[in-house]
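Reading through the structure tokens given below for one structure.
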Amino acid sequence: MREHGKAEHANDPVPAPKIIEEPELDASLFRRKLMTWYRSHARELPWRGVNDPYRTWVSEVMLQQTRVAAVIEHYERFLQRFPSMLALALAPEPEVLAAWSGLGYYRRARMLHRAAKFVTSELGGVLPDTSTALRTLPGIGEYTAAAIASIAFGESIAVVDGNVERVLLRLTGLPEENSATARAFVREQAAMLVPRRRVAPQHNAAGDHNQAMMELGATICLPRSPLCLHCPVYSMCKTRGEHLTQPRVVQRSQPAAYLLSLRKSGTATEVLLEQRDAKASLMAGMYELPPLPQDALEGREPILRLRHSITNTNYYVQVFAARGPQDRGLRKAVPAAKADLHWTRTSKLNSVPLTGLARKVLQRLDVMAVQPLQMPDESIAESSQARF
DNA sequence: AACCCGTGGAA
DNA sequence: TTTCCAAGGGT
């Protein structure tokens, strides 16, 4: 079970799950209320109403543990770069990672790529159309299989993500609990609510219902301060927005420092990057600015400070510039092996698998242009030449 | 089953 | 400043 909830309840004892003796949810009434609300309140999202299962798949993988706003920033650009299953399958992995840069959980991109290659070579390039078959592909777990099967293919199967779980726990009054039985209960409730079959061939009831459940959790039944007065199923809800939650992991803070070193190569500008170890657990093989030890920083002023969070750690990052050939001090302080350091043309940074932090720093310092989304009519987007 | 994997907006 | 946690999956 994902962790989310209310701090004020974090230390309360979690009572044992009680057997539900109360009358069950009226599934039919619930569905009607939910869908009436959804039809007038659904957000317009780039992956809504698409007919291409490949696109649905990409959106669902991007959305795993990732906010809608973050996905919106990458979805269209990723699909412009890899418009089809085949295009993705034929691409080199670093290109895929480069397009994924900033989204995090880079294993998702690697698995998506691997699955695309498998579907292309073994399944004739056709994505399986059942949740059971989808489930066997790398990067497609229980949630994603059900999401693609219901949304893209109309299969009657319920999704259970963090939103659906929270909605159902509040609706039924079951406390958040990290146990197989609690999870099974939630899955049961979700399955009970999903429409059994298509009303009409064109109308995807299960897919719409699943998206409506998630939409309700994402926009009304919020983790903190739920908007119960706007909830379409308020009258059917046991808790009206309160439910016990599990304690959270404590956050940590840590300083970090990186080197920005630029040089000219003819008319081009190059930036010094370091490739992370291929066996690193975190962002293996990706590129970042060379990290600097804290003791190399005395008496120097950073050209940029920012916060960067990774899992449970807030990094307070400082970036230091090596200005010109005379400043060898900082360069000498880089502990990396020479083999891991690479002078990279700033004009090519968009196809380098940068870590999210490296990308953020390089863009903020105008070393790397923020690539504009190419519009259908536009002949050629402005070149991404850096200003240095 | 418990743990690991990224990120950043919002409060 | 620190905390919270998002359309999870793999091991």
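Every chain is numbered from 1 and lettered A, B, ... according to where its sequence line falls, protein lines coming before strand lines. Here the structure is a predicted model, which is why all the values come from computation and not from measurement.
No side-chain donor-acceptor contact under 3.5 Å links A:Gln371 and A:Arg77. Checked by atom type, the side-chain pair A:Ser28/A:Arg32 shows a donor-acceptor distance below 3.5 Å. Side chain to side chain, A:Thr132 and A:Thr130 fail the donor-acceptor criterion of an N or O pair below 3.5 Å. Judged purely by distance below 3.5 Å, without hydrogens or angles, the side chains of A:Arg307 and A:Ser309 pair a donor atom with an acceptor atom. A:Ser150 and A:Glu155 share no side-chain donor-acceptor pair at under 3.5 Å.
Here, C:dT11 and B:dT7 have their C1' atoms 23 Å apart, quoted to the whole Å.
We find that CZ of A:Arg108 is positioned 14 Å from P of C:dA6, with the value rounded to whole Å. In this structure, A:Glu215 places its CD atom 15 Å from P of C:dA6, rounding to the nearest Å. Atom CG in A:Asp161 sits roughly 9 Å away from atom C1' in C:dA6 (whole-Å rounding). For the pair A:Arg364 CZ and B:dT7 P, the computed distance is 13 Å after rounding to whole Å.
Contact annotation for A:Arg110: no contact, since no heavy-atom pair falls under 4.0 Å across all strands. Contacts of A:Arg48 with the nucleic acid, taken as non-hydrogen atoms under 4.0 Å apart, include base atoms. In this structure, A:Gln211 reaches neither bases nor backbone, as no heavy-atom distance under 4.0 Å exists between it and the strands shown. If you check every strand for non-hydrogen atoms under 4.0 Å, A:Leu45 touches a base.
Residue A:Val250 is the one, among A:Val250 and A:Leu63, whose nearest nucleotide of DNA chain C lies closer to the 5' end (criterion: closest heavy atom).
Across C:dG8, B:dC5, C:dC4, the shortest atom-to-atom separation from the side chain of A:Thr144 is found for C:dG8. Here the side chain of A:Arg307 is nearest to one of C:dT1, B:dG9, C:dA7, namely B:dG9. Of the candidates C:dG9, C:dT2, C:dC5, C:dG9 carries the atom nearest the A:Arg107 side chain, counting heavy atoms from C-beta on. Side-chain proximity of A:Thr66 to B:dG6, C:dT1, C:dA7: nearest is B:dG6. Here the nucleotide nearest the side chain of A:Thr311, chosen from B:dA1, C:dA7, B:dC5, is B:dC5. Residue A:Trp47 places its side chain closer to C:dA7 than to any other of B:dG9, C:dA7, C:dT3. Nearest nucleotide to the A:Leu282 side chain, out of B:dT7, B:dC5, C:dT2: B:dC5. Comparing B:dA10, C:dA7, C:dG10 by their nearest atom to the side chain of A:Tyr143 picks out C:dA7.
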Self-check item: Steps toward side chain to side chain donor-acceptor pair (under 3.5 Å) verdict (A:Gln64, A:Arg108)
Solution: CA-CA 9 Å; A:Gln64 290 167 3; A:Arg108 293 182 297 175; 4.8 Å; no
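For A:Arg224 and C:dC5, a side-chain-to-base donor-acceptor distance below 3.5 Å is absent, hydrogens and geometry of angles not being considered.
Residues from residues 98-106 of chain A placing a heavy atom under 4.0 Å of any atom in DNA chain B, listed by number, are A:Gly102, A:Leu103, A:Gly104, A:Tyr105, A:Tyr106.
Within the 4.0 Å cut-off from OP1 or OP2 of C:dA7, at least one side-chain nitrogen or oxygen of A:Asn163 is found. Residue A:Ser309 has no polar side-chain atom (N or O) positioned under 4.0 Å from OP1 or OP2 of B:dT7. Residue A:His308 places no side-chain N or O under 4.0 Å from the OP1 or OP2 atom of B:dG6. The shortest distance between the side-chain N/O atoms of A:Gln65 and the OP1/OP2 oxygens of C:dG8 is below 4.0 Å. Between A:Lys360 and B:dT7 there is no side-chain N or O to OP1 or OP2 distance below 4.0 Å.
One N or O on the side chain of A:Arg166 and one on the backbone of A:Cys221 form a donor-acceptor pair closer than 3.5 Å. In terms of modelled atom types and a separation under 3.5 Å, the side chain of A:Thr313 and the main chain of A:Arg252 share no donor-acceptor contact. The backbone N or O of A:Val159 lies less than 3.5 Å from a partner atom in the side chain of A:Asn210, making a donor-acceptor pair.
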